[in-house]
Amino acid sequence: MNIEANSNSPTLKQAATDALRELILKGRIRPGEQLRERDVAEMIGVSRTPLREALNQLEREGLVESQPHRGYSVTAIDLKTGQQLLDLRRVLDGYAARLAATAITQQGLDDLDAILAQLAVFEAMEKPSVDDLAEEVRIGLRIHEVIARESGDAFLYETLKVLYGRLTLLIWVDVLWVDKWDDTRADHKEIVFAVEARDPERAAAAAEAHVDRSRADLQRVIDAQTLLHGLNMPPSSRIR
């Protein structure tokens with residue numbers, strides 16, 4: 001990948017930001033991994049000037065973090081942070097779905113149907129790869145983005161886009177540890193069908209139930225790792 005042109009170009013800086021964000025959100029660079037400027041610059045094909053601008057932007061978005069004498073690394077979400085993000089998402093997703101069920105446009109309906117058609121391709125795969133599953137999660141997230149957009153509340157939409165970006169760091173929990181794809185697919189269909197039926201209460205309940213299951217999945221992974229490694233995790237660290 002080489003996006004270098006003019007290191008002072010705002011377009012190049014945005015392209016560098018988009019390229020690095022994509023690498024993080026697709027799991028090409030894992031949570032907690034250190035970002036060595038020389039390596040990352042070569043990876044995305046830019047000089048260090050636009051790369052540093054990109055790192056600054058992604059730090060504001062919460063996708064990377066910097067530490068003195070260590071530089072940047074991909075943000076690793078701990079249990080407490082994951083809990084807080086999922087708590088917030090449950091409230092906002094439910095609210096967005098309720099609004100979208102009454103405000104959705106024809107374009108929104110068409111977009112949701114197109115996403116379901118894309119997801120059906122993955123559902124038909126006999127043995128999807130890890131990359132396939134990660135891509136399915138990414139496309140599935142677009143359902144929530146469209147619903148947030150169709151809520152008619154621009155501030156809610158922008159807030160949820162940032163929140164979804166932070167939560168995508170948990171993608172590898174679903175992809176590598178949780179084998180509940182049938183449940184995820186059923187959740188997405190129910191959310192879409194409820195919104196398309198213009199049923200606010202059903203839509204909100206479906207969106208909230210989807211987040212509840214994500215919380216439960218995350219806790220099961222943590223419990224399994226605690227048992228496997230013999231860690232003594234305090235009760236206060238459990239998701240409630």
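What you are looking at is a predicted structure, and each value in this text was computed from that prediction instead of being measured.
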Using the rule given for side-chain contact (heavy atoms from CB on, under 4.5 Å), can you reason through Arg202 versus Glu190, listing the C-alpha separation, both sets of side-chain angles and the distance that settles it, and then say yes or no? CA-CA 9 Å; Arg202 177 185 168 193; Glu190 171 60 14; 2.8 Å; yes
Yes or no on side-chain contact (heavy atoms from CB on, under 4.5 Å) for Leu92 and Leu88, after CA distance, side-chain angles and deciding distance? CA-CA 6 Å; Leu92 297 184; Leu88 182 58; 3.9 Å; yes
Start with the C-alpha distance between Asp187 and Arg213, add both sets of side-chain angles, then the distance that settles side-chain contact (heavy atoms from CB on, under 4.5 Å), and finish with yes or no. CA-CA 9 Å; Asp187 285 353; Arg213 194 177 58 73; 2.8 Å; yes
Output, in order, the C-alpha distance, side-chain angles, deciding distance and verdict of salt bridge (Lys or Arg N to Asp or Glu O under 4.0 Å) for Glu145 and Lys161. CA-CA 7 Å; Glu145 293 173 349; Lys161 283 200 297 183; over 6 Å; no
Are Glu150 and Thr105 close enough, and set up right, to give a side-chain hydrogen bond (donor to acceptor under 3.5 Å, both in side chains), and what steps lead you there? CA-CA 7 Å; Glu150 293 296 309; Thr105 64; 2.8 Å; yes
His210 and Asp93: CA distance, side-chain angles, deciding distance, side-chain contact (heavy atoms from CB on, under 4.5 Å) verdict: CA-CA 9 Å; His210 181 57; Asp93 266 8; 5.5 Å; no
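Between the side chain of Ser151 and the backbone N or O of Ala96, no donor-acceptor pair lies under 3.5 Å. With Glu65 contributing its side chain and Glu59 its backbone, the two residues share no donor-acceptor pair below 3.5 Å. Although no hydrogens or angles enter the test, the distance criterion places a donor-acceptor pair under 3.5 Å between the side chain of Asp132 and the main chain of Ser129.
Here the straight-line distance linking atom CZ of Arg185 with atom CG of Asp182 works out to 6.0 Å at 0.5 Å rounding. A distance of 11.5 Å separates CG in Leu23 from CZ in Arg21, rounded to the nearest 0.5 Å. With rounding to the nearest 0.5 Å, the separation of OG1 in Thr49 from NZ in Lys13 is 8.0 Å. Remark: Arg60 CZ to Thr17 OG1 distance equals 8.5 Å, nearest 0.5 Å. The structure places CG of Leu119 at 10.5 Å from CH2 of Trp181, a figure rounded to the nearest 0.5 Å. To the nearest 0.5 Å, atoms CD (Glu33) and CD1 (Ile24) are separated by 9.5 Å.
Looking at every heavy atom in both residues, Leu112 comes nearest to Ile104 through CD1-CD1, 3.7 Å. Taking both residues in full, the closest heavy atoms of Ala148 and Leu160 are given as CB-CD1, 3.7 Å, listed atom of the first, atom of the second, then distance. Among all heavy-atom pairs drawn from Val195 and Ala203, the shortest one is CG2-CB, 3.9 Å. Nearest heavy-atom pair, Ala207 versus Ala97, reported as atom, atom and distance to 0.1 Å: CB-CB, 4.0 Å. Residues Gly32 and Ser73 come closest through the heavy atom pair O-CB, 4.1 Å. Nearest approach of Leu35 to Leu55, heavy atoms of both residues: CD1-CD2, 3.8 Å.
Salt bridge status for Arg98 with Glu201: present, with a side-chain N to carboxylate O gap under 4.0 Å. With respect to the salt-bridge test (charged N to carboxylate O, under 4.0 angstrom), the residues Asp111 and Arg142 do not qualify. A salt bridge does not link Arg90 with Asp87: every distance from a Lys NZ or Arg NE/NH1/NH2 to an Asp or Glu carboxylate oxygen is 4.0 Å or more. Contact check on Glu22 versus Arg28 returns no salt bridge, with no Lys/Arg side-chain nitrogen under 4.0 Å from an Asp/Glu carboxylate oxygen. Taking a cutoff of 4.0 Å between a charged side-chain nitrogen and a carboxylate oxygen, Glu42 and Arg48 do not qualify as a salt bridge.
Taking 4.5 Å as the limit, every side-chain heavy atom of Thr159 sits out of range of all side-chain heavy atoms of Leu163. Annotation: side chain of Glu158 is not in contact with side chain of Val162 (no heavy-atom distance under 4.5 Å). Between Ile147 and Leu99, the closest side-chain pair of non-hydrogen atoms is not below 4.5 Å. In this structure, the side chains of Asn56 and Tyr72 come closer than 4.5 Å at one or more pairs of heavy atoms. Residues Asp113 and Glu196 are in side-chain contact: their nearest non-hydrogen atoms beyond the backbone lie under 4.5 Å apart.
Ring planes of Tyr164 and His144: tilted class, angle from 30 to 60°.
A continuous path of Ile, Leu, Val, Met, Phe, Trp and Tyr side chains, each step under 4.5 Å between heavy atoms, connects Ile115 with Met125, placing both in one hydrophobic cluster. Hydrophobic clustering of Ile, Leu, Val, Met, Phe, Trp and Tyr side chains at less than 4.5 Å, counting indirect connections, keeps Val192 apart from Tyr157.
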